[in-house]
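Here's the structure we're looking at; comments come further down.
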There are 2 protein chains.
Amino acid sequence: MSLAPIARGAKTRAINKSKRRDHILACAGQIVIDKGYECLTLAEIAKSAGVTIPTIHNLLGKKSQIFDSLIEEMVTRLGIVLSHQPKGDPLLAMEAFLNEIIALFQTNEALYKAAFIAGEKTNQFDRTSQQGIFAKSLKLTTTICTDGQKNGYLHGHIKPAVLGQQIFGCHRLARQDWMQGHIGLQAYQTQVLLGTSILLYSDAASEFRQRLNKKIKEITK
Amino acid sequence: MSLAPIARGAKTRAINKSKRRDHILACAGQIVIDKGYECLTLAEIAKSAGVTIPTIHNLLGKKSQIFDSLIEEMVTRLGIVLSHQPKGDPLLAMEAFLNEIIALFQTNEALYKAAFIAGEKTNQFDRTSQQGIFAKSLKLTTTICTDGQKNGYLHGHIKPAVLGQQIFGCHRLARQDWMQGHIGLQAYQTQVLLGTSILLYSDAASEFRQRLNKKIKEITK
DNA sequence: AGAAAAATTTTATGTGCCATAAAATCTGTG
DNA sequence: CACAGATTTTATGGCACATAAAATTTTTCT
């Protein structure tokens, strides 16, 4: 009995496999964009990609793993946004952060929405992981509050960590509403900005407080 | 050709039908309590109720309608809580409101949780209806803020309607987290209370502000 | 009581979805 | 260009919801 034969052509095959995989994923993404999340069935993907269902299983694994893959890219892009350094007073920093997120979602609203829905269903957005977008977002809002205190914008009567978490909550709630189709990106933005302003207002030093009050009035007029 | 025959025994039948219906619903509820939401299949209900699947369809309609029925009672009870009149300063009123909700959910946590999940999936909690728990909750938090302003607890720099909505948001977000199993009822309560206190703090008059600050410190210590 | 009428339940069946084993096909390399 | 191994497909199964039509039960009326 000889040694097991060494696999030949492994590299080429791996490259091709990856290409086929990407093609199927692209089809899956397009289906979500065109027909919505609930139409993303294996049969639909198979038809669109010109393969059979078992091929999809073979290349991408279980259906939940298709979601995983779809989400992966989204998480990466979101991660980039979340690693930007905040600048200016807390309101400006929060606004910049928010605007970047909205702008990102606008590039492909349906797909991002679907990815979030899928991520929630499959518990993809590991809330406990320090690497996850959850932790990163929270860290960002908290950092802005901490800096805001250092630079005299906030009193610190309310701990920056607490304030940051509350503001992060505004983001989460608005995103939920958006994901579930109750509001659009425009309202998403407004809703978060209002909540953020009020929360900052609760701990703002006098001068900054004026600015926030003006902002709040402007939004709610 | 004579007249169509008049249905006989209609009343008795209706009563019995209702009983059978209730029995099946009770079984469905028990399944949710015992085995969780995802185990609530027609086959499971049928087995537990000692009937066949088509019988369930006959008595309760489509599966989504089973949820509707399960939710109905919950919404009624929640509606009762939501129609209680708030008393005392805004913090006390908000606390009373919150405590009633938590106490209610504690009576059968699994079932309430399942009902909320189902309600969200099937869009049961008509967000637009003035009769819905959504509108009622929002109205309650807003009323507390309005009263708080009248009685000098709040400045009114932030419109009571806006503040009420933000506080309502705290409830929604915490409930989401609870529904999705990320936090328990205890944390639910704490989270809402903290958010509420901070939001009230943002517009609180001097004396009340002290009280809120103490509360916030107490929760976040 | 017992037959007729109507409601109710069940049997049988269909559809849609995800999933996998085993057979058939294709691919890259020596 | 043949072969080894990777890849795809055919065939099949399981599970859940749903419904038509047959069988059964219940109620009422004589």
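Chain letters run A, B, ... following the sequence lines, proteins first, then strands; residues in each count from 1. Any value given below was found using the heavy atoms of this structure, including those in side chains, with hydrogens, waters and symmetry copies removed.
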How about [atom1] on [X], more than 12 heavy atoms from neighbouring residues, nucleotides or ligands closer than 6.0 Å, or not?
{"X": "A/E95", "atom1": "CD", "value": "yes"}
{"X": "B/E44", "atom1": "CD", "value": "yes"}
{"X": "A/Q65", "atom1": "CD", "value": "yes"}

Roughly, in whole Å, what's the span from [atom1] in [X] to [atom2] in [N]?
{"X": "B/K19", "N": "C/dA7", "atom1": "NZ", "atom2": "P", "result": "20 Å"}
{"X": "A/H23", "N": "D/dT7", "atom1": "NE2", "atom2": "P", "result": "17 Å"}
{"X": "A/I15", "N": "D/dA6", "atom1": "CD1", "atom2": "C1'", "result": "15 Å"}
{"X": "B/K47", "N": "D/dA16", "atom1": "NZ", "atom2": "C1'", "result": "15 Å"}

Would you name the heavy atoms of A/S83 and A/I80 that are closest together and state the gap between them?
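Looking at all heavy atoms of both residues, the shortest contact is OG-O, 2.9 Å.
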
Taking all atoms of both residues into account, what is the closest heavy-atom pair of B/A115 and B/M74, and its distance?
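What the structure gives for the nearest pair is CB-SD, 3.2 Å.
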
Compute the centroid of each ring, for A/Y201 and then for B/Y201, and state whether the two points are separated by less than 6.0 Å.
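Here the rings of B/Y201 and A/Y201 have centres that are no less than 6.0 Å from each other.
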
Check for me whether the distance between the ring centres of A/F97 and A/H84 falls short of 6.0 Å.
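Centroid separation for A/F97 and A/H84: 6.0 Å or greater.
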
A/R20 side-chain proximity, nearest of C/dT10, D/dT9, D/dT8
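Output: D/dT8.
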
Taking DNA chain D as the partner, which of residues 56-68 of chain B come within under 4.0 angstrom of it by heavy atom?
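Under 4.0 Å from DNA chain D: B/H57, B/K62, B/K63.
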
After noting the C-alpha distance and the side-chain angles of B/F116 and B/F105, does the key distance pass the ring-ring contact (aromatic ring centres under 6.0 Å, His included) rule?
CA-CA 11 Å; B/F116 269 105; B/F105 290 174; 5.5 Å; yes

B/E120/A/Q180 under side chain to side chain contact (heavy atoms under 4.5 Å, CB included): CA gap, chis, key distance, verdict:
CA-CA 9 Å; B/E120 201 138 284; A/Q180 284 165 24; 3.3 Å; yes

Is the shortest side-chain N/O distance from A/K17 to OP1 or OP2 of D/dT7 below 4.0 Å?
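So the side-chain polar atoms of A/K17 do come within 4.0 Å of the phosphate oxygens OP1 or OP2 of D/dT7, strictly under.
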
A/T141 side chain vs A/G164 backbone, donor-acceptor pair below 3.5 Å:
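Checked: pair present.
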
Contacts under 3.5 Å, N or O only, protein and nucleotides 23-27 of chain C:
unit_1	atom_1	unit_2	atom_2	d
C/dT27	O2	A/R13	NH2	2.6

Atom pairs, N/O to N/O, protein against nucleotides 11-16 of chain C, distance under 3.5 Å?
none

Test item: side-chain donor near acceptor, B/Q191 and B/W178, under 3.5 Å:
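There is no such pair between these side chains.
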
